[in-house]
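Inspection log for the structure reproduced underneath, given as structure tokens.
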Number of protein chains: 2
Amino acid sequence: MNIGQVAKRSGVSAKTIRYYESIGLIPEASRTDSGYRRYGDKDVETLRFIHHSRNLGFSVKDVGLLLDLWRDQKRASGDVKALALSHIEQVDRKIEELKKMRDTLTHLTKRCHGDDRPDCPILKGLAGEMAEV
Amino acid sequence: MNIGQVAKRSGVSAKTIRYYESIGLIPEASRTDSGYRRYGDKDVETLRFIHHSRNLGFSVKDVGLLLDLWRDQKRASGDVKALALSHIEQVDRKIEELKKMRDTLTHLTKRCHGDDRPDCPILKGLAGEMAEV
DNA sequence: ATAAGGGTTCCACAAGCTGGAAGGTCAATG
DNA sequence: CATTGACCTTCCAGCTTGTGGAACCCTTAT
């Protein structure tokens, strides 16, 4: 398979596959005589794994760890779970942070009549002490 | 005031203030004879405005727009509100996305016993079709 | 005189790709 | 056989929002 095919099947773009190779996330692909990268079904599987992991918000670094664990048949599932739980915590923290932002923003916009008059509580809020917003 | 003072008062680091100047978010500061940047209370106010806006998740580009609106005494509050509402939408979309991630992750980890045995539903989930997870 | 604690510039790196230029390869068509 | 178009290759640049560090200058106090 050429890189385009494997890209289509895995959901990871050709450009990104080359990038992943360049940073060592996936091993260097073998080449044809003319220099094209060659891939097999196993590579599609690996890239799908990566794609799913990235979609769940794991960093590329963490995906590397997950890949190692995935390939190690003797690994302890506890190691995987620990990584996943720590990631969930991170995601939760991010959600909370965004919620706080949204609530403040919503609060400000509700007070803003939003017409063609210049008075704007949003700008006043941004300019003043945020505590009083 | 030197840059360190204004950094302390505004909550924006000296490094970042120089960066904001370099990208044109704030105008170039005047200098002392020896080349130090000089600031006044108005600059502290501006940097505070920027700091608050960034904390609420506005992009630097959007902060630029907000600053323009802030400085324009004749602007319509509707323009500000539109920007804020669109930003709230973005934040909400991000929250939903993260929630979906978290739910999937939680689902997977709940099924993983997480001990020293190698069987791990998390890895299986990442490897397989995510629909079946 | 010297040392501490400012300030200055400039370059590099972080994450995670994506776009584009310049060019080689492959299969099919006229 | 030549050409076309779709692939493939490498390499460089840029995106965003800063941060770290080196090398060096300025100010003030001891």
Side-chain angles (χ1 to χ4, degrees), chain A residues 1-26 28-40 43-44 46-67 87 90-91 94 97-98 101, chain B residues 1-26 28-40 43-44 46-67 87 90-91 94 97-98 101:
Chain A
M1 240 179 302
N2 285 344
I3 199 168
Q5 262 298 308
V6 83
K8 234 177 242 166
R9 289 211 215 165
S10 67
V12 181
S13 77
K15 205 97 185 175
T16 301
I17 294 172
R18 289 191 204 101
Y19 168 71
Y20 285 161
E21 188 186 291
S22 81
I23 61 170
L25 182 63
I26 54 176
E28 287 190 23
S30 60
R31 305 289 185 122
T32 64
D33 288 346
S34 57
Y36 283 21
R37 287 174 179 80
R38 304 296 324 215
Y39 297 94
D43 299 305
V44 175
T46 302
L47 283 163
R48 270 218 261 260
F49 181 98
I50 294 172
H51 194 203
H52 292 329
S53 304
R54 294 286 300 127
N55 278 348
L56 288 178
F58 286 101
S59 69
V60 168
K61 199 172 188 175
D62 279 353
V63 174
L65 296 176
L66 287 171
L67 275 175
H87 181 51
Q90 261 188 65
V91 172
K94 188 73 193 171
E97 194 189 320
L98 289 175
M101 280 184 196
Chain B
M1 237 180 306
N2 285 343
I3 199 168
Q5 261 300 309
V6 84
K8 235 177 239 165
R9 289 211 214 164
S10 66
V12 180
S13 78
K15 205 97 185 174
T16 301
I17 294 172
R18 288 191 203 100
Y19 168 70
Y20 285 161
E21 187 187 290
S22 81
I23 61 170
L25 182 63
I26 55 176
E28 286 190 24
S30 59
R31 304 290 185 121
T32 65
D33 288 347
S34 58
Y36 283 19
R37 286 175 180 79
R38 288 180 331 169
Y39 298 93
D43 299 305
V44 175
T46 302
L47 284 163
R48 270 219 261 261
F49 180 98
I50 294 172
H51 194 205
H52 291 149
S53 304
R54 294 286 300 128
N55 279 347
L56 288 177
F58 286 101
S59 69
V60 169
K61 200 173 187 174
D62 278 353
V63 174
L65 297 176
L66 287 171
L67 276 175
H87 181 51
Q90 261 188 67
V91 173
K94 189 72 193 172
E97 195 188 318
L98 289 174
M101 280 184 195

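Note that these values count all heavy atoms, side chains included, but never hydrogens, waters or copies made by symmetry. Within every chain, numbering begins at 1; the chains are lettered A, B, ... in the order of the sequence lines, protein sequences first and strands thereafter. Since this is a predicted model, take the numbers as computed values, not measurements.
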Just call it for A:Thr32: base, sugar-phosphate, or nothing, with non-hydrogen atoms closer than 4.0 Å on any strand. nothing

Any N or O donor-acceptor pair under 3.5 Å from the base of D:dC7 to the side chain of A:Tyr36? yes

May I ask you to say whether A:Arg18 pairs ionically with A:Glu21, meaning some side-chain N is under 4.0 Å from a carboxylate O? no

Need to verify one output field. Residue with the more 5' nearest nucleotide on DNA chain C, A:Tyr19 or A:Asp33? A:Tyr19

For atom CG of A:Asn2 and atom P of C:dA27, their distance in whole Å: 9 Å

Taking only N and O in the side chain of B:Ser34, is any of them less than 4.0 Å away from OP1 or OP2 of D:dC25? no

Just to verify, which of A:His87, A:His52, A:His51 counts as forming a ring-ring contact (aromatic ring centres under 6.0 Å, His included) with A:Phe58? A:His87

Mind checking if A:Arg31 touches a base, just sugar-phosphate, or nothing, with heavy atoms under 4.0 Å? sugar-phosphate

Sugar-phosphate, base or nothing in reach of B:Arg18, heavy atoms under 4.0 Å: base

Taking the side chain as C-beta and beyond, is there a heavy-atom pair between A:Ile17 and A:Asp43 under 4.5 Å? no

Between P on D:dC7 and CZ on A:Arg37, what's the gap in Å once rounded to a whole number? 17 Å

Euclidean distance, atom CD1 of residue A:Ile50 to atom C1' of C:dC17 [Å, nearest integer]: 14 Å

A:Ile17 atom CD1 is separated from D:dT9 atom C1', nearest whole Å, by 15 Å

Applying a 4.0 Å non-hydrogen cut-off, can you work out what B:Ile3 is touching in the nucleic acid: base, sugar-phosphate, or nothing? sugar-phosphate

So, under a plain 3.5 Å distance rule, would you say the side chain of A:Lys15 forms a donor-acceptor pair with the base of C:dG16? no

